[in-house]
Colleague: 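Take this structure first; my questions come after.
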Amino acid sequence: MAMEERVDTNKGQMKIGFIGLGIMGSRMAANLQQAGYELIIYNRTAAKAEELVKKGARLAKSPLEVSQKSEVIITMMENPQAVEAVANGENGFLNLSGANRLWIDCSTVNPSFVNMMAKKALTKGFRFLDAPVAGSKAPAASGDLVFLVGGDERDLKEVQPLFDIMGKKTIRVGEHGKGASMKIVVNMMMAQAMVAFSEGTSLGKSMGISEQALMDVVLNIPVSAPFLSAIRPRMENRDFTPNFPLKLIRKDLQMVSETAYENGVSMPSANLAKDIYTRAMSDGLGDQDFSSLFGYLNK
Ligand code: NAP
C-alpha cells in the first residue's frame with residue numbers, strides 16, 4: 001500500500017482483507033463482494049472460504065498475506081484469543097509495517113483487550129476501529145447489522161461506505177474501546193432477558209398455564225424484550241439451529257465479569273446468568289443457538 005494519508009474506498013481501487021469467515025463474517029464478506037469490492041480472505045478452516053473464492057475472492061495462506069495485499073482489514077473472530085492469533089500470532093497481520101492501513105475489528109471482545117489491540121495496531125502504523133455488531137445471522141446476510149464503533153471520526157467516515165453495505169445503521173459511541181463497551185452492555189441485557197423469559201415460562205407452566213398462553217401474554221406486553229417475539233416460532237418449534245451459538249453469549253458474559261472486575265463494579269445477576277449458560281453448555285448446548293436455554297429450562 002502506498003503511504004497516502006487515507007485509503008480510497010472506491011470499489012475498483014480498494015482491496016479489502018477479511019479474516020474470520022464464521023456465521024457472521026462469511027455473510028458480511030459476501031455482501032462486500034456482492035457490492036463489487038475485491039476481497040482477500042483468510043479463515044483458519046480454509047473450507048469455509050470456498051463460496052467466496054468461487055465468486056472471485058482470493059484466498060490468502062496467512063493473515064499476514066491478507067494485510068500485505070489489502071488496504072482495509074476486517075476481522076470477525078470468535079473471541080480475544082482468536083483475534084490475538086490472527087493479529088499477533090505466527091504470520092499474524094500486524095507483523096508488518098501498517099503504512100496507514102485501517103484495521104476494523106468487528107468481533108465481540110472486551111474493551112480492555114480492544115484498547116490493548118488498538119495500541120499495538122497504532123504502534124505498528126495501522127489505524128484501528130472497534131466495530132462490533134448488533135444483529136445475528138439473518139441481518140448479517142441481508143446487510144442490516146448495526147455497527148457500534150469506537151475510534152477516530154475521520155477513520156470512520158472514510159470506511160462508512162463499507163459499513164453501509166454490511167449494515168443499516170452505524171453509531172459512533174466514542175474513542176477506541178467504546179464500541180466494544182456498548183456491545184457488552186447490549187449482550188449482557190440480551191442474555192438476561194432470555195434467562196428471565198425462560199424461567200418465567202417455566203414458572204407459568206408449573207402452575208398449569210400453557211406455553212402458548214404464556215407466550216401470547218408475556219410477549220405482547222412491555223415486560224419482555226422485543227427480540228423474544230422475533231424468535232418465538234423457533235422457540236415454539238424447539239429449532240435451536242445456531243444463529244448466535246450459546247457458547248458465544250457465555251463468552252460475552254465472561255467479558256462482562258472481567259470488565260466489571262477491572263472497573264470495580266458489582267454484576268451479581270450477570271454472573272449468575274453466566275453460570276446458568278455454563279451449566280447449559282456443560283450439558284451439551286454450546287453449539288446450539290443461545291435460545292436453546294429456553295428449551296433447557298422448559299423441558
Ligand atoms: P463463529 O461462526 O464461531 O466464527 C468464529 C470465527 O473465529 C471463525 O472464523 C473461526 O475459525 C475463528 N476462530 C476461532 N478461534 C480461532 C483461533 N484460535 N484462531 C483463528 N481463528 C479462530 O462465530 P460468529 O457467530 O461468526 O461470531 C463472530 C463474532 O461475532 C463473535 O465475537 C460473536 O460473539 C460476534 N457476534 C455473533 C453474532 C451471531 O449472532 N452469531 C451476533 C453478533 C456478534 P474456524 O472457522 O476455523 O473455526
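Each ligand, and each atom within it, is numbered from 1 in the order the structure gives. By convention here, the first residue in the shown sequence is residue 1. Keep in mind it's a predicted model, so treat the numbers as computed, not measured.
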Colleague: Tell me which one of N43, D252, T108 gets a heavy atom nearest to atom 36 (N) of ligand 1.
Modeller: T108
Colleague: Just jot down the ligand 1 atoms closer than 4.0 angstrom to any heavy atom of G135, in number order.
Modeller: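 Atoms satisfying the 4.0 Å criterion: 42 (C), 43 (C).
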Colleague: Taking only Lys NZ, Arg NE, NH1 and NH2, and the carboxylate oxygens of Asp or Glu, determine whether E65 and K69 approach each other closer than 4.0 Å.
Modeller: yes
Colleague: Nearest to atom 47 (O) of ligand 1, what protein heavy atom do you find, and at what distance?
Modeller: T45 OG1, 2.5 Å
Colleague: Counting heavy atoms only, which of P245, A85, A82 is nearest atom 15 (N) of ligand 1?
Modeller: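 Comparing heavy atoms across P245, A85, A82, the nearest one to atom 15 (N) of ligand 1 lies in A82.
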Colleague: Select the closest option to atom 18 (N) of ligand 1 among K137, R44, E84, judged by heavy-atom distance.
Modeller: R44
Colleague: G20 heavy atoms, cut-off 4.0 Å: which ligand 1 atoms fall inside?
Modeller: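 The list of qualifying atoms is 9 (O).
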Colleague: Under 4.0 Å between a Lys/Arg side-chain N and an Asp/Glu carboxylate O for E78 and K251?
Modeller: no
Colleague: Report the part of L248 (side chain from C-beta onward, or backbone N, CA, C, O) that has a heavy atom under 4.0 Å from ligand 1; answer both or neither where that applies.
Modeller: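 Just the side chain.
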Colleague: Any chance you could pull the hydrophobic cluster mates of L203, using side-chain heavy atoms under 4.5 angstrom and chaining through other members?
Modeller: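 Once heavy-atom contacts under 4.5 Å are chained together, L203 belongs with M207.
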Colleague: I'd like to check which ligand 1 atoms, numbered from 1 as shown, lie under 4.0 Å from a non-hydrogen atom of S136.
Modeller: 39 (C), 40 (O)
Colleague: With heavy atoms under 4.0 Å as the rule, classify the contact between L21 and ligand 1 as side chain, backbone, both or neither.
Modeller: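 The backbone, only.
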Colleague: Which of the atoms of ligand 1 are close to N243, meaning less than 4.0 Å from one of its heavy atoms?
Modeller: 39 (C), 40 (O), 41 (N)
Colleague: Just going by heavy-atom distances, which of K251, M76, K48, M24 is nearest to atom 30 (O) of ligand 1?
Modeller: M76
Colleague: Closer than 4.0 angstrom, basic N to acidic O: yes or no for E84 and K120?
Modeller: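 Yes.
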Colleague: Among all protein heavy atoms, pick out the one at the shortest distance from atom 29 (C) of ligand 1; state its residue, atom name and that distance to 0.1 Å.
Modeller: M77 O, 3.2 Å
Colleague: Would you call R232-E236 a salt bridge at under 4.0 Å N-O?
Modeller: yes
Colleague: Tell me if the centroids of the rings in F128 and W103 come within less than 6.0 Å of each other.
Modeller: yes
